[in-house]
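One structure below.
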Amino acid sequence: MDFVTEGKKYGNDQILSGTGHKYIELEVPQGKKVKRGDAVNATAELSDGTDLFGVVLEDADGTNAKTKTVVAVFGEVIFENLQIKPATDKVTFIKEARNKGIIVKELGGKA
């Protein structure tokens, strides 16, 4: 996995907030799919924050063969547009993400 240095540029949108994000490629194993906005762990599964790797920026379909996607691993994101592991406590997720360098903001400026 390498930091993305060339290719698409990502800016402020419904998922990202602020500036200074860092991106990295994530391998999506065969048999898994990820969508933009998924908060995932290193094995491309939805995270509860404790094992958070990053936030998916590009849909990737590994149904038939492994593939790659780009994830934000550092910077600010907007909570309302993230998909997280079901039954995850929002406050715990935000705290765990912050510990990993991903600052989760809520609409209205709350963090």
| V77 side chain near I102 side chain, heavy-atom distance below 4.5 Å |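 V77 reaches I102 side chain to side chain.
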| said: Are V71 and V73 packed together at the side-chain level, in the sense that at least one heavy-atom pair is separated by less than 4.5 angstrom? | reply: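 SC-SC contact between V71 and V73 confirmed.
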Pairwise distance [atom1]([X]) to [atom2]([Y]) - rounded to 0.5 angstrom:
X    : Y   : atom1 : atom2 : result
E45  : K32 : CD    : NZ    : 3.0 Å
I103 : R98 : CD1   : CZ    : 4.5 Å
Q83  : T88 : CD    : OG1   : 11.0 Å
T67  : Q30 : OG1   : CD    : 11.0 Å

Considering non-hydrogen atoms only, spot the tightest contact between [X] and [Y] and give its length.
X   : Y    : value
F93 : A39  : CZ-CB, 3.8 Å
E58 : V34  : O-CG2, 4.4 Å
L46 : N41  : O-ND2, 4.5 Å
F79 : V104 : CB-CG1, 3.5 Å
S17 : I78  : CB-CG1, 4.0 Å

| Going by an N to O cut-off under 4.0 Å, is there a salt bridge joining E25 and K68? |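 A salt bridge links E25 with K68.
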| Under 3.5 Å, side chain of D61 to main-chain N/O of T63, donor-acceptor pair present? |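 Yes; judged by distance alone, with no hydrogens or angles, the pair exists.
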| query | Counting N and O atoms only, with roles assigned by atom type, does the side chain of H21 sit under 3.5 Å from a partner on the main chain of L16, one being a donor and the other an acceptor? | reply |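 Answer holds: no.
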| Passing candidate, side-chain contact (heavy atoms from CB on, under 4.5 Å) with E96, options L52, D48, T50 |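 For E96, the side-chain contact (heavy atoms from CB on, under 4.5 Å) check succeeds only for T50.
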| message | Exactly one of V70, I15, T69 should register a side-chain contact (heavy atoms from CB on, under 4.5 Å) with V56. Which one does? | response |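 Of the listed residues V70, I15, T69, the side-chain contact (heavy atoms from CB on, under 4.5 Å) partner of V56 is T69.
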| task | Evaluate whether atom CZ of F74 has more than 12 neighbouring non-hydrogen atoms of other residues, nucleotides or ligands under 6.0 angstrom away. | result |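 At most 12 heavy atoms, drawn from other residues, nucleotides or ligands, come within 6.0 Å of this atom.
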| message | Within a 6.0 Å radius of atom NZ on K85, are there more than 12 heavy atoms belonging to other residues, nucleotides or ligands? | response |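 No, NZ of K85 has 12 or fewer neighbouring heavy atoms, counting only those of other groups under 6.0 Å.
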| task | Give the C-alpha distance, both sets of side-chain angles, the deciding distance and a yes or no for side chain to side chain contact (heavy atoms under 4.5 Å, CB included) between T43 and F53. | result | CA-CA 9 Å; T43 59; F53 182 79; over 6 Å; no
| task | Kindly indicate, with the supporting measurements, whether the criterion side chain to side chain contact (heavy atoms under 4.5 Å, CB included) is fulfilled by E106 and E80. | result | CA-CA 7 Å; E106 295 182 76; E80 285 79 3; 3.7 Å; yes
